[in-house]
Structure formats: structure tokens, C-alpha cells
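Heavy-atom basis, side chains included; hydrogens, waters and symmetry copies ignored.
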Amino acid sequence: MEKDIQQVLISEKEIQDRIAQLGEVLSKEYEGKNPLVVGVLKGVVVFYADMIRKLTVPCEMDFMWISSYQGTDSTGSMVIKRDVSSDIKGRHVLILEDIFDTGSSLNFVYHHLLKKEPASIKICTLLDKPSRRKPGITLKADYVGFEIPNAFVVGYGLDYNEYYRNLPYVGVLKPELY
Ligand code: 5GP
Ligand code: MG
């Protein structure tokens, strides 16, 4: 796997340090709120597992699985493969996502969950590529781990054709590989 990486964009240590910082902020924000932490599968699993272990408040876990994304291009149309199983009405929902790219996925998830009448709903994304946002998407992430330039990244949960998710850092693939 290592040989396929052109550049390590965010090291394992940088990721872990940032998650520890976010953990402090989120633990204060959700004090006494028993948040429902909703992860967007599958890319979020690595970030999710590290992030919730930095929350010092009681929280519950749930997941949504949506699809649309193939290869390096996002079509924008979304299908729910798995919806949340908890009753969201009146709950404080924290959405965790791996990357905020064109915004189609998060926009879809956010509005889908909003219809279920949560008490509050916030977004925390590990990575944000603001330069890629689709026109018309005004949604903002409340918490961002790292802003990154417009490059296709893999690792730390992010895949290319399902591979590289288990790299412990975020890196850029060699261009000849995709
Ligand atoms: P969006 O709907 O914001 O365009 O894209 C969100 C989803 O597309 C992410 O959850 C992720 O699965 C995928 N994606 C977007 N950018 C990248 C990238 O740079 N690398 C990888 N591996 N996946 C990406
Ligand atoms: Mg994702």
C-alpha cells in the first residue's frame, strides 16, 4: 500500500492530536446532552472509533449508510442503504463524516435527519475540501478536523475502490493509479 502513496498529507500523529482537541471541544458542547453520534458509513469508521473515545460525556452510537459515490467522481444522487435505527426526535444529533467534498452526501444526510425533528443537529467532519463544494450547497460543517486542497485522498477510512482504508494516515495516491 505504502508504495502507492505519492505524499502523506496528514500524518497519524497530526490526526490524533487534532481529534484530541476536537474531543475537548465536543465534550464541553455536549455536556448533559447525551448526544446521538451518527456516523456516515463506510468512510467514517476509523475516524468515528477514534473520535468517540475522546468524548468524555455519555453518548449513543448510530450509523447511516448511503451510496452514490463511485471511483473519483460523485454523481450527486443518493440512496439510503441503511437508515439510523434510533428515534431521533428530541435528541441532540452529532453527524460524523470522513470528508465534506461536493457536499451532496452531507446535505442529503443532514436534511434526512432534520426531518426526524432532532433537538439539535451538528456536523463534524475530519476533512473539508471547500473548493469542491457544489454551487447551491450552503450547508457548513460546525467542526472541521482539517481543510485540505482539491486532491483525491485515501487512508484513515477513505478508500479508492475499497482499498487503502486501513492506512493510518491521509495520503495522496500516485496519479498513475487512478
Ligand atoms: P460529497 O458528497 O461531499 O461529494 O462526497 C462525500 C463522499 O465522497 C465522502 O464521504 C467520500 O466517501 C467520498 N469522497 C469525496 N472526496 C474524496 C476523496 O478525496 N477521497 C476519497 N477516498 N473519497 C472521497
Ligand atoms: Mg463518507
Side-chain angles (χ1 to χ4, degrees), residues 1 4 15 19 22 26 30 34-53 55 59-130 132-146 148 150-168 170-171 173 177-178:
M1 279 193 303
D4 297 346
I15 295 172
I19 289 174
L22 285 171
L26 290 170
Y30 286 102
N34 186 30
L36 181 71
V37 185
V38 176
V40 186
L41 297 172
K42 293 186 266 187
V44 82
V45 288
V46 182
F47 174 48
Y48 191 103
D50 284 345
M51 192 65 250
I52 56 161
R53 284 179 292 172
L55 296 182
C59 65
E60 289 174 56
M61 298 166 59
D62 209 332
F63 297 93
M64 266 192 85
W65 189 10
I66 57 167
S67 100
S68 87
Y69 201 76
Q70 261 132 27
T72 58
D73 184 40
S74 199
T75 63
S77 56
M78 301 292 157
V79 187
I80 297 178
K81 290 182 150 186
R82 187 216 185 259
D83 202 351
V84 288
S85 53
S86 329
D87 184 6
I88 281 187
K89 194 170 172 149
R91 298 293 306 270
H92 293 281
V93 173
L94 175 63
I95 301 172
L96 291 191
E97 174 63 303
D98 51 358
I99 188 164
F100 195 7
D101 186 40
T102 66
S104 299
S105 310
L106 266 176
N107 204 48
F108 178 81
V109 167
Y110 180 86
H111 288 101
H112 174 76
L113 297 178
L114 197 61
K115 277 190 235 145
K116 297 177 189 271
E117 299 177 52
S120 72
I121 179 161
K122 291 201 172 190
I123 297 169
C124 174
T125 183
L126 178 70
L127 306 175
D128 188 7
K129 278 197 245 176
R132 286 264 303 163
R133 210 75 84 238
K134 258 193 349 206
I137 293 192
T138 52
L139 191 71
K140 298 262 183 302
D142 300 280
Y143 307 94
V144 174
F146 302 90
I148 61 168
N150 181 12
F152 188 79
V153 293
V154 296
Y156 201 72
L158 290 141
D159 73 306
Y160 176 59
N161 291 341
E162 295 302 327
Y163 288 100
Y164 307 105
R165 292 191 196 274
N166 54 327
L167 285 172
V170 172
L173 268 187
L177 291 169
Y178 60 90

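With contacts defined as side-chain heavy-atom distances shorter than 4.5 Å, the pair H112/M78 does not qualify. A 4.5 Å side-chain heavy-atom check between M64 and L113 finds at least one atom pair inside the cut-off. Contact of the S105 side chain with the I66 side chain is registered, since non-hydrogen atoms from C-beta on lie closer than 4.5 Å. Within the 4.5 Å cutoff, the side chain of H92 has no heavy atoms near those of the P118 side chain. A heavy-atom distance below 4.5 Å is found between the side chains of M51 and L96. Side-chain contact between V154 and D159: absent, with no pair of heavy atoms (C-beta onward) separated by less than 4.5 Å. Within the 4.5 Å cutoff, no side-chain heavy atoms of V38 are placed close to those of F63.
Here R82 pairs with D62 in a salt bridge; the nearest charged N to carboxylate O distance falls below 4.0 Å. Under the 4.0 Å criterion applied to side-chain N and carboxylate O atoms, K140 and D128 are not assigned as salt-bridge partners.
Both tests do not hold together for R53 against Y48: distance to the six-membered ring centre under 6.0 Å, angle to the ring axis within 45°.
Of the residues listed (I15, V153, D98, V144), the one engaging L127 in a side-chain contact (heavy atoms from CB on, under 4.5 Å) is V153, and it is the only one.
A side-chain donor from one of D50 and Y156 sits under 3.5 Å from a side-chain acceptor of the other.
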